[in-house]
Structures are given as structure tokens and as C-alpha cells.
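Right, one structure below, let's go through it.
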Amino acid sequence: MEELEGISHRTVKVNGINMHIAEKGHGPPVLLIHGFPELWYAWRHQIAGLAARGYRALAPDLRGYGDTDAPTPSPAAYSIHHIVGDLIALIDALELDQVYVVGHDWGAIVAWYLCEFRGDRVKGLVALSVTFRPRNPAMIPLPTLRALYGDDYYICRFQEPGAAEADFARTGTTTLLKILLTYRHPGPLIVPKGGFVDWPDKQLILPSWLSEKDIRYYAEKFDKTGFTGGLNYYRAMDLNWELTAPWTGAQVKVPVKFIVGDLDLSYNTMGTKEYIDSGRFKKDVPFLEDVVVMEGVGHFINEERPDEITAYIHEFIQKH
């Protein structure tokens with residue numbers, strides 16, 4: 001694969017764990033933060049594209065993923081303070097003062113917190129798929145999601161330690177990844193009662209932007225590590241709500257561009273459209289410069305529309 005050429009890999013000691021990073025290029029640093037169920041590899045197109053445009057692209061495997069350590073199976077070790085702490089330690093270890101940040105899915109959530117906690121280290125943020133979500137002191141995340149979408153909503157089904165892992169094992173890593181990475185329904189992801197193993201359409205045809213080779217790369221890594229690390233991000237959501245009480249009402253005060261697909265489940269749930277359209281998003285993120293809604297695009301936007309996303313990132317960085 002041409003875009004993987006010239007990408008170097010190394011392990012950096014950060015915040016008590018060994019973190020794997022992929023990097024390429026020279027110039028202003030751009031930190032690319034992946035989501036679930038992905039790895040640094042989700043950014044393969046952007047790494048090549050940004051390096052070619054004169055940037056230093058840096059894409060870690062987050063705590064619990066891929067070739068980065070998974071310190072413990074306990075969700076308490078995956079709080080947002082741990083995850084952001086890992087990234088601040090990475091920025092320090094690389095002797096960087098500030099970085100541009102691009103985050104997708106959970107990577108976007110982590111990026112928003114990174115900007116909220118340590119905006120002094122961020123020159124600008126491009127958030128993909130997930131808006132900023134201000135802390136509501138009256139709404140604990142998991143009970144709220146159960147009330148909205150029921151017990152079979154995927155985030156609720158991911159909560160019980162071991163249960164989702166057992167379902168994933170029964171389903172098979174390759175099939176599971178195909179189900180999740182090709183999901184395009186513009187609404188909440190509801191898991192069948194019997195688990196993903198009972199997903200109605202398992203004869204999935206991969207779209208042009210996702211190859212069997214891509215699936216194989218992800219599957220080999222998840223077969224080695226398991227999914228507990230990634231699932232623990234979901235299992236720490238209520239803990240994060242408790243830990244972030246001091247930031248209730250805080251704004252994100254870095255320049256931001258937000259990009260989402262109109263078929264993205266994140267755009268079509270949790271009141272996201274209303275949050276954007278009502279002006280509350282801009283109120284919470286006063287330096288929000290642009291909201292781009294891409295037509296006919298699903299959740300995995302950086303892989304589905306790689307050239308456009310790279311161009312948007314480049315265009316944003318050039319202004320800052």
C-alpha cells in the first residue's frame with residue numbers, strides 16, 4: 001500500500017505505559033487520535049497526505065489498543081484523565097510545545113477533553129463525528145442513555161465486563177469489524193438480543209474505501225489484544241462524569257473545525273443536530289469556525305472520504 005510507505009513506528013514511554021506511535025513527515029506537528037474499534041491505522045490516508053503537505057503526522061495507538069500497553073482490565077485505569085495524561089506525556093516526550101489535534105469518534109471525545117484540560121498545548125482542533133458534549137450535572141451518562149435508547153443500545157450493552165467480549169468472540173473479530181465499520185444507519189446502534197452474533201446481515205460487502213487487507217490489519221491486532229481496552233472507554237463514562245465536575249460550564253477555547261457525515265449515527269442521536277443548530281455548540285466552543293456536514297457520508301469519515309478530510313485539515317491548519 002503506497003500510503004503506508006515511509007511511515008515509521010516507535011514506542012514511547014508515557015504516563016507509566018509504553019505507547020506505540022506511527023509518524024511521518026517534517027514540519028508543524030499534527031496529533032491524530034483514533035476511535036473505536038480502530039487504531040493508528042485509521043489515519044493511514046491522512047498521515048500520507050499531511051506529510052506530503054509539509055506536516056509531521058503523529059498517530060498513536062491509544063491506551064488499551066494495538067501495540068500500546070493495556071495496563072489493567074479495570075475500567076478505572078481508562079478514565080479521561082488517564083487518556084489525556086497519556087497524550088500530554090507523549091507531547092512532552094516528543095519535546096513539542098503545541099500540536100494541532102485531529103480526533104475521530106472516541107478520539108474526538110478525548111480531543112475535546114484535551115482542549116478543555118490543556119488548551120495551552122493545542123494550536124487548533126479538527127473534530128470529526130462527535131461534537132463537544134458539555135457536562136450536565138443533572139444527567140449521569142449511562143442512566144440517561146438507557147432511558148433514551150433502552151438496554152440494547154450499544155453503549156449500554158458494552159457495560160458489563162466480559163459480556164461484550166464474549167459476544168465479540170462468538171461473532172468473530174473479522175465479522176464484527178465489518179459490521180461496525182460498515183454501519184451506515186442514521187440512528188442509534190441497537191444490538192440484537194443475542195448479540196452481534198445474531199446481526200441480520202453478516203454477508204457484508206465491503207465499500208470501496210475499506211479493503212479485506214484493512215480489515216485483516218485491524219483483526220490481527222484485536223485478536224492479539226482483545227477488545228477490553230477499547231470497551232473500557234465506554235465503561236468509564238460515568239466515572240468521567242464524576243471526575244469532570246470541576247469543568248462544569250467550562251468552554252473549549254481553541255480554534256475548532258467540526259466535520260460530520262449526515263448518515264453518521266453520532267449526528268443523528270443524542271440531540272446533536274439541535275445542539276449545533278440552536279447555537280449552543282458555538283456558545284460552548286466560542287472559537288468554533290466552521291461546521292461541515294458531508295452528504296451521503298457515514299461515521300468513519302476519515303476513511304470514507306480521505307482526500308477531502310485531509311484537505312479540510314490542511315485548509316484549517318493554514319489559517320492558524
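Basis for what follows: all heavy atoms, side chains included, without hydrogens, waters or symmetry-related copies. All residue numbers refer to positions in the sequence shown, counting from 1. In this text, all values refer to a predicted model and were calculated from it rather than measured experimentally.
- Checking side-chain atoms of R280 against main-chain N and O of I276 turns up no donor-acceptor pair under 3.5 Å.
- At distances below 3.5 Å, at least one donor-acceptor pair connects side-chain atoms of W112 with backbone N or O atoms of V130.
- With sequence neighbours excluded, the residues satisfying side chain to side chain donor-acceptor pair (under 3.5 Å) with Y275 are D284.
- Contacts classified as salt bridge (Lys or Arg N to Asp or Glu O under 4.0 Å) and involving residues 257-272 (residues at least two apart or in different chains) are given here: K257-D290, K257-E315.
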Can you give me every donor-acceptor pair (side chain of residues 100-108, partner residue at least two apart or in another chain, under 3.5 Å) with its distance?
from	atom 1	to	atom 2	distance (Å)
Y100	OH	H320	O	2.4
H104	NE2	S129	OG	3.3
H104	NE2	H299	O	2.7
D105	OD1	H299	NE2	2.7
D105	OD2	F36	N	2.9

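- Between P188 and Y183, the shortest heavy-atom contact is O-OH, 3.1 Å.
- Of the N and O atoms on the side chains of D167 and T171, at least one donor lies less than 3.5 Å from an acceptor on the other residue.
- Among residues two or more places apart in sequence or in another chain, the side chain to side chain donor-acceptor pair (under 3.5 Å) test is passed with R146 by D151.
- Taking the six-membered ring for Trp and the full ring otherwise, Y41 and H34 have centroids separated by 6.0 Å or more.
- Taking a cutoff of 4.0 Å between a charged side-chain nitrogen and a carboxylate oxygen, E303 and R44 qualify as a salt bridge.
- For D61 (side chain) and M19 (main-chain N/O), no donor-acceptor pair under 3.5 Å exists by modelled atom type.
- No donor-acceptor pair under 3.5 Å is formed between the side chain of Y233 and the backbone N or O of G64.
- Residues forming a side chain to side chain donor-acceptor pair (under 3.5 Å) with D223 (at least two apart in sequence, or on another chain): T173.
- Put simply, CD1 on I205 and NZ on K178 are 10.5 Å apart, with the number rounded to the nearest 0.5 Å.
- Between P60 and L32, the closest heavy-atom pair is CD-O, 3.3 Å.
- Residue pairs satisfying the ring-ring contact (aromatic ring centres under 6.0 Å, His included) criterion with at least one member in residues 245-265, sequence neighbours excluded, are listed as follows: H81-W247, F117-W247, F258-F281.
- In this structure, M294 and I309 have side chains that are in contact, with non-hydrogen atoms separated by less than 4.5 Å.
- With ring centers used as reference points, Y312 lies 6.0 Å or more from F316.
- Residue pairs that meet the salt bridge (Lys or Arg N to Asp or Glu O under 4.0 Å) test with at least one member in residues 132-143, sequence neighbours left out, do not exist here.
- Screening residues 116-131 for salt bridge (Lys or Arg N to Asp or Glu O under 4.0 Å) gives D92-R121, R118-D120 as the qualifying pairs, with residues at least two apart or on separate chains.
- Closest of all the heavy-atom pairs between L145 and I155 is CD1-CG2, 3.8 Å.
- Connectivity analysis of hydrophobic side chains (ILVMFWY, heavy atoms under 4.5 Å, direct or indirect) links L263 to nothing; its cluster partners are none.
- For Y154 and F196, the distance between ring centers is not under 6.0 angstrom.
- Although no hydrogens or angles enter the test, the distance criterion places a donor-acceptor pair under 3.5 Å between the side chain of T68 and the main chain of H20.
- Residues that satisfy the side chain to side chain donor-acceptor pair (under 3.5 Å) test with D67, not counting sequence neighbours, are K221, K224.
- From I83, atom CD1 reaches atom CD1 of I109 across 11.5 Å, with rounding to the nearest 0.5 Å.
- Between L204 and I179, the closest side-chain pair of non-hydrogen atoms falls below 4.5 Å.
- The pair K193-D198 does not count as a salt bridge, with every side-chain nitrogen at least 4.0 angstrom from each carboxylate oxygen.
- Residue pairs meeting the salt bridge (Lys or Arg N to Asp or Glu O under 4.0 Å) criterion with at least one partner in residues 231-248, sequence neighbours excluded, are E165-R235.
- Defined by atom type and a distance below 3.5 Å, a donor-acceptor pair is present between the side-chain atoms of E38 and Y218.
- Taking 4.0 Å as the cut-off between side-chain N and carboxylate O, E289 and K282 do not count as a salt-bridged pair.
- Scanning for ring pair (Phe, Tyr, Trp, His ring centres under 6.0 Å) contacts around F222 gives F227, with sequence neighbours left out.
- Counting only heavy atoms from C-beta outward, the side chains of L114 and I88 approach each other to under 4.5 Å.
- Between the side chain of W241 and the backbone N or O of A236 there is no donor-acceptor pair closer than 3.5 Å.
- A22 and I7 get closest at one heavy-atom pair: CB-CG2, 3.8 Å.
- A donor-acceptor pair is defined here as one N or O able to donate and one able to accept, closer than 3.5 Å; no such pair exists between the side chain of E23 and the backbone of H9.
- A donor-acceptor pair is defined here as one N or O able to donate and one able to accept, closer than 3.5 Å; such a pair exists between the side chain of D69 and the backbone of N18.
- A side-chain donor-acceptor contact under 3.5 Å links N232 to the backbone of P73.
- Smallest separation of non-hydrogen atoms from P71 and Y78: CD-OH, 3.5 Å.
- Counting only distance, with no hydrogens or angles, the side chain of R63 and the backbone of A77 share a donor-acceptor pair below 3.5 Å.
- Residues F158 and L239 do not share a hydrophobic cluster, defined by chaining ILVMFWY side chains whose heavy atoms lie under 4.5 Å apart.
- W209 and D214 make their closest contact through O-OD2, 4.0 Å (heavy atoms, listed as atom of the first residue, atom of the second, distance).
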